[in-house]
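Heads up, the thing below is written out as structure tokens.
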Amino acid sequence: MVIQAKSRWALAGLLLGTGVLYLWGLGASGWANSFYSAAVQAGSQSWKAFFFGASDAAGAITVDKTPASLWPMVLSVRLFGLSSWAILVPQALMGVGAVAMVYASVRRLFSAWAGLLAGAVMALTPVAVLMFRFNNPDALLVLLLTVAGYCVIRAQERGSTRWLVLAGSAIGFAFLAKMLQAFLVLPGFALVYLVTAPVAFWRRVWQSLLAGAALVVSAGWWLLAVALVPASERPYIGGSQSNSVLELALGYNGIGRLNGGDYGGLGNLNQQAGWLRLFDTEAGGQISWLLPAALVLLVAGMWFTRRAPRTDPVRAALWVWGSWLIVTGLVFSLMQGIFHAYYTVALAPAIAALVGMGAAVLWERRAHRLTALVVAGTAGWSYLLLARSADWNPWLGVAVLVAGLGAALAMLFSRRLLAVVVVAVVACLAGPAAYAVDTAASAHTGAIPTAGPSTGGGFGRPAGGGFQRQNGLPGGFQRRDGGGQAPGGRGGMRGGGMGGLLNAGTPAAELTALLKNDAATYTWTAATVGSNNAAAYQLAGGRPVMAVGGFNGTDPAPTLEQFQRYVAEHKIHYFLGTGMGGGRQSAGGSDEAARIAAWVQETFTATTVGGTTVFDLTTQS
């Protein structure tokens with residue numbers, strides 16, 4: 001009883017500490033990713049926008065994802081009002097929940113200290129700290145996949161149909177958070193259950209079919225609802241070229257991410273693709289601190305359980321998390337399409353669970369030499385990762401290396417193993433913990449945030465974790481209006497007033513006042529090319545702003561003819577800026593936005609308000 005009480009208090013301390021890390025100073029990031037914050041604002045104003053995930057309350061176009069990740073944030077805003085905290089707190093609480101699920105998964109089979117170690121690794125993974133303090137869809141995705149992993153482990157223990165169906169339901173709902181990425185865990189999970197569950201083979205088969213049916217229902221109900229609603233009565237499906245959710249899932253957010261195909265005009269933006277991508281400068285400091293240890297511990301765990309029965313739950317659990325890590329890691333490493341380092345947060349639960357379970361297996365087998373090797377290797381890799389930020393706390397890498405190597409040597413000769421293990425754990429977690437604290441202490445904005453200090457690698461990333469593209473916009477987009485963006489993805493909207501493809505600026509006060517004036521008379525107070533540009537104006541003015549062309553400015557929504565009809569019906573008051581390219585950048589994108597921008601320029605008189613080009617669509621030149 002005493003041991004159980006202590007473990008409960010330790011778990012409470014872990015979850016409390018995680019909550020503090022994820023919640024402290026959360027409002028500093030403002031709207032974080034304004035693209036999603038604007039959609040949350042829209043959903044808080046319109047239940048129709050809520051259901052479809054529209055970028056604006058009038059329902060012109062959706063975000064380029066399925067909407068489930070927006071729903072918790074929208075409900076929070078409906079309860080507490082629109083603010084940075086109301087948007088981001090649900091994300092942070094999902095992070096605490098994910099840490100709890102990792103702990104519970106490991107604790108099912110091992111002692112409390114193994115679960116606590118796994119939970120701590122999860123909590124301190126830099127990219128996890130980043131994404132659970134941000135409003136991208138990855139927070140809900142990771143939580144649901146972690147729940148699914150726990151459910152598969154519970155199902156495997158006794159061949160439980162209920163737990164397996166729950167796993168399928170969780171993965172299906174995760175699809176509604178970030179589409180096909182949710183299915184990367186599916187092959188491994190299904191295979192583990194089919195091979196290891198302690199029930200007859202055909203029972204395993206029909207149980208798996210039931211879980212598959214639950215997955216289809218959980219993911220498909222929303223797709224069916226969208227298919228049944230006439231296109232004229234719902235927003236355009238952003239990110240698609242044919243107003244289709246299936247095209248969005250299979251093209252722009254599916255095959256295009258894997259093979260580099262151009263779906264929607266962005267083209268191939270892959271960075272450092274290859275077998276070592278997860279260790280390179282873009283992703284290494286985000287996720288790879290304990291990745292080598294997790295892989296070694298997975299192999300060691302499989303070796304030590306090689307003679308166990310087919311139904312052995314420890315080996316099955318190693319397969320569950322190991323298949324997650326290997327399949328998802330290989331896809332991330334080799335995908336030729338758009339890849340961003342923050343995607344790797346999906347690997348954090350698998351790494352954390354494997355570290356906790358693997359360490360417990362080695363401890364039980366008294367494999368001190370192998371444990372020492374893992375500690376030494378982890379400390380050495382941490383030293384190399386820290387050296388990539390040479391001007392940031394340069395003493396830390398040396399301290400980690402010395403402590404880690406010292407602990408590894410002591411494991412081979414010292415009898416005071418408990419004290420040595422404590423030093424080893426501190427040495428292995430010091431690097432990611434330092435990155436985690438730096439991440440929590442920094443504001444992050446824009447579409448491509450990164451954790452920790454600058455390493456000089458990746459997608460034009462400056463210090464402080466913000467985003468800045470140094471040489472024009474990605475995928476061939478170039479400004480034609482003189483607009484710019486401040487370093488780090490913060491700062492103003494200058495020239496033509498465009499916030500940028502990946503960032504949204506802050507419009508001048510006089511422009512915001514103009515947009516608010518008589519705004520209730522119009523369906524959209526303004527229109528502009530690109531969702532991030534629209535998001536900035538919409539969040540500032542509080543009224544719907546049409547994102548012409550969607551996120552990239554390359555969706556055929558609206559068409560020129562539709563836009564002209566909206567103008568004739570006095571549904572749009574202003575057009576802001578002259579475009580950010582917006583033309584057909586490649587075979588994958590539409591040029592409707594460019595045609596609309598050209599027509600506006602030819603038909604209406606341009607004025608400048610607060611440094612932004614403004615066209616009054618109610619008065620022709």
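Distance check, rounded to the nearest 0.5 Å: CG of L117 to CG of L14 gives 10.0 Å. Atom CE of M73 and atom CG of L88 lie 8.0 Å apart (nearest 0.5 Å). Note: I153 CD1 to S105 OG = 4.5 Å, rounded to the nearest 0.5 Å.
Among pairs with a residue in residues 404-429, none fulfils ring pair (Phe, Tyr, Trp, His ring centres under 6.0 Å), at least two apart in sequence or across chains. Among pairs with a residue in residues 307-336, none fulfils salt bridge (charged side-chain N to carboxylate O under 4.0 Å, His left out), at least two apart in sequence or across chains. Pairs passing the salt bridge (charged side-chain N to carboxylate O under 4.0 Å, His left out) check and including a residue from residues 389-406, sequence neighbours excluded, do not occur.
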May I have the list of side-chain donor-acceptor pairs in residues 360-376 shorter than 3.5 Å, sequence neighbours left out?
| from | atom 1 | to | atom 2 | distance (Å) |
| --- | --- | --- | --- | --- |
| R365 | NH2 | F304 | O | 2.9 |
| T371 | OG1 | A367 | O | 2.9 |

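Under the salt bridge (Lys or Arg N to Asp or Glu O under 4.0 Å) criterion, R108 pairs with E157, sequence neighbours left out. Not counting sequence neighbours, the partners of K178 by the salt bridge (Lys or Arg N to Asp or Glu O under 4.0 Å) test are D138.
Here the two rings, on Y435 and W392, have centers that are under 6.0 Å apart. Ring centroids of F339 and Y343 are separated by less than 6.0 Å, placing the two rings close together.
With contacts defined as side-chain heavy-atom distances shorter than 4.5 Å, the pair V142/M131 does not qualify. Side-chain contact between W289 and L386 is present, with heavy atoms from C-beta onward closer than 4.5 Å. When side chains are defined from C-beta on, Y36 counts as touching K65, because their heavy atoms get closer than 4.5 Å. Residues F132 and T18 fail the side-chain proximity criterion, which asks for heavy atoms closer than 4.5 Å.
Scanning all heavy atoms of the two residues, the minimum distance from A283 to T344 falls at CB-CG2, 4.3 Å.
With F134 as reference, N33 is the one residue of V129, N33, V345, L26 to meet the side chain to side chain contact (heavy atoms under 4.5 Å, CB included) rule.
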